[in-house]
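Report on the structure given below.
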Amino acid sequence: MPLTVVTQVVLCIGSWRVAGRLNNFWQAEQQLIRLINGLLLTINAMVLVQWLVRLALFLNHTAYSAATDTYLRFAAYTVIFILGVVICWHKMKQRGWLDLMPHMAEACAAIAMEAKEATAPVRPNLLSDVQQKVLVDTIEAVLYNKKLFRDADLSMEQVAILTGAPRMHIAEALNRYRGETFHTCINRFRINDVLEQLERAKDKQAAADVSVIAFEAGFKSKQAFNFSFTKVMGMTPAEYLQLNNIRL
């Protein structure tokens, strides 16, 4: 038992240090590692408390109460249960299952908005079709030439300054001409950048580090990358790599 406790403490400290060296792309994993380590250290602390209680009672020539042992066991099992729930929650989030809930809410909101717009007067466009096309081409040229999409904190205000177009014109042009939001447009560029990097790795017959490529493309987390990639490509990154015989 002492060897087990010492080993777990060393493991927690070591994994904590490794997690600290990960970049922000692995932020969710960093939080999970820290939480798991905290729960494991809590269990080890309970074991240490049990030893100290036993030692104190032994030195005082007092009998050890089985009730104390029961309470500590119950607390330890509770922590282990929480640990299992945390891991399952992270796995569901990683696979995108939890992302269905907010998108269901968005779908319901969109249906309600469509019903409202059906009975409301149609708002006239601020830009003509030609102006929308020209502005969209300008936006995409700026994004591609300057690689602005690789900035994880890129905002519409920054694009508005570089294009000289108001935010409302940018939003209208993308929505009416491309049928997408600003956020969707940026993620499309990021996914295309990831695909280009993967193709280059395949042509060179080199291994591709998808996490590094996605982080450099502007994605803040693996969950955001997986969700956007699946939405755009209709398959997960792992399925794409397997389908195209790209080595990791």
Side-chain angles (χ1 to χ4, degrees), residues 15 18-37 39 82-111 136 139-140 143-144 147-156 174-175 178-248:
S15 58
V18 172
R21 293 197 294 267
L22 297 176
N23 56 45
N24 292 333
F25 182 79
W26 299 96
Q27 185 176 9
E29 284 72 16
Q30 286 178 325
Q31 295 175 353
L32 179 65
I33 291 173
R34 292 191 180 102
L35 185 56
I36 290 176
N37 287 337
L39 293 173
I82 295 174
L83 180 62
V85 171
V86 167
I87 294 175
C88 291
W89 179 271
H90 176 79
K91 195 66 177 178
M92 292 172 63
K93 187 175 182 180
Q94 187 180 38
R95 293 187 175 184
W97 296 347
L98 298 180
D99 292 325
L100 295 176
M101 297 174 64
H103 287 284
M104 287 177 63
E106 290 178 5
C108 293
I111 293 173
V136 168
I139 294 170
E140 293 184 342
L143 290 174
Y144 183 79
K147 304 297 182 184
L148 294 179
F149 56 86
R150 290 181 175 176
D151 181 1
D153 298 316
L154 180 65
S155 65
M156 192 182 296
L174 290 173
N175 186 265
R178 282 295 187 197
E180 61 186 11
T181 63
F182 177 78
H183 180 72
T184 304
C185 173
I186 300 302
N187 281 341
R188 173 166 57 84
F189 271 86
R190 289 169 177 167
I191 293 298
N192 289 337
D193 188 53
V194 170
L195 295 177
E196 290 179 6
Q197 298 298 328
L198 292 177
E199 285 300 320
R200 290 174 186 168
K202 181 180 178 181
D203 293 340
K204 296 179 180 179
Q205 296 182 347
D209 192 333
V210 183
S211 62
V212 173
I213 293 175
F215 180 68
E216 293 176 348
F219 288 101
K220 284 187 174 182
S221 67
K222 187 172 67 174
Q223 286 73 19
F225 166 64
N226 288 341
F227 181 79
S228 297
F229 190 96
T230 305
K231 186 176 181 180
V232 173
M233 301 300 298
M235 65 181 74
T236 64
E239 292 171 342
Y240 179 85
L241 295 175
Q242 184 177 8
L243 182 65
N244 292 274
N245 296 321
I246 300 176
R247 295 190 298 113
L248 294 174

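As a basis for the values below, the full set of heavy atoms in this structure was taken, side chains included, without hydrogen atoms, waters or symmetry mates.
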Please name the pair of heavy atoms, one in Phe149 and one in Leu143, separated by the smallest distance, quoted to 0.1 Å.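 In this case the closest contact between Phe149 and Leu143 is CD2-O, 3.4 Å.
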Residue pair Pro237 / Asn226: nearest heavy atoms and the distance that separates them: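 Distance-wise, the nearest heavy atoms are CG-OD1, 3.4 Å.
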If I take atom [atom1] from residue [X] and atom [atom2] from residue [Y], how far apart are they, to the nearest 0.5 angstrom?
X      : Y      : atom1 : atom2 : value
Arg190 : Asp151 : CZ    : CG    : 7.5 Å
Ile191 : Thr184 : CD1   : OG1   : 11.5 Å
Cys185 : Arg178 : SG    : CZ    : 8.0 Å
Leu148 : Ser155 : CG    : OG    : 10.0 Å

Test ring pair (Phe, Tyr, Trp, His ring centres under 6.0 Å) applied to Phe182 - qualifying residues, sequence neighbours left out:
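Partners of Phe182 under the ring pair (Phe, Tyr, Trp, His ring centres under 6.0 Å) test: none.
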#### Entry: With Asn245 via side-chain contact (heavy atoms from CB on, under 4.5 Å) - residues at least two apart
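If we apply the side-chain contact (heavy atoms from CB on, under 4.5 Å) test to Asn245, skipping adjacent residues, there are no hits.
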* Please name all residues satisfying side-chain contact (heavy atoms from CB on, under 4.5 Å) with Val86, sequence neighbours left out, ordered by chain then number. =>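 Leu32, Leu35, Ile82.
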Check whether any side-chain heavy atom of [X] sits under 4.5 Å from a side-chain heavy atom of [Y], and report yes or no.
X      : Y      : answer
Leu195 : Phe229 : yes
Ile213 : Leu198 : yes
Arg34  : Asn37  : no
Val194 : Phe225 : yes
Thr181 : Leu174 : no

Inset, instruction - Could you tell me whether a side-chain N or O of Asp193 sits under 3.5 Å from a main-chain N or O of Phe189, the two making a donor and an acceptor? - result: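 Side chain of Asp193 to backbone of Phe189: no pair is present.
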Would Lys147 count as a cation-pi partner of Tyr144, with NZ or CZ less than 6.0 Å from the six-membered ring centre and within 45° of the ring normal?
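Yes, Lys147 lies over the aromatic ring of Tyr144.
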Could you tell me which residues satisfy salt bridge (Lys or Arg N to Asp or Glu O under 4.0 Å) with Arg188, sequence neighbours excluded, listed by chain and number?
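Salt bridge (Lys or Arg N to Asp or Glu O under 4.0 Å) check on Arg188 returns Glu140, Glu180.
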Restricting to side-chain hydrogen bond (donor to acceptor under 3.5 Å, both in side chains), what partner residues turn up for Asp203, sequence neighbours left out?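 Asp203: no side-chain hydrogen bond (donor to acceptor under 3.5 Å, both in side chains) contacts found.
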Task: Contacts of type side-chain hydrogen bond (donor to acceptor under 3.5 Å, both in side chains), residue Thr230, not counting sequence neighbours - done: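 Per chain and number, Thr230 pairs via side-chain hydrogen bond (donor to acceptor under 3.5 Å, both in side chains) with no residue.
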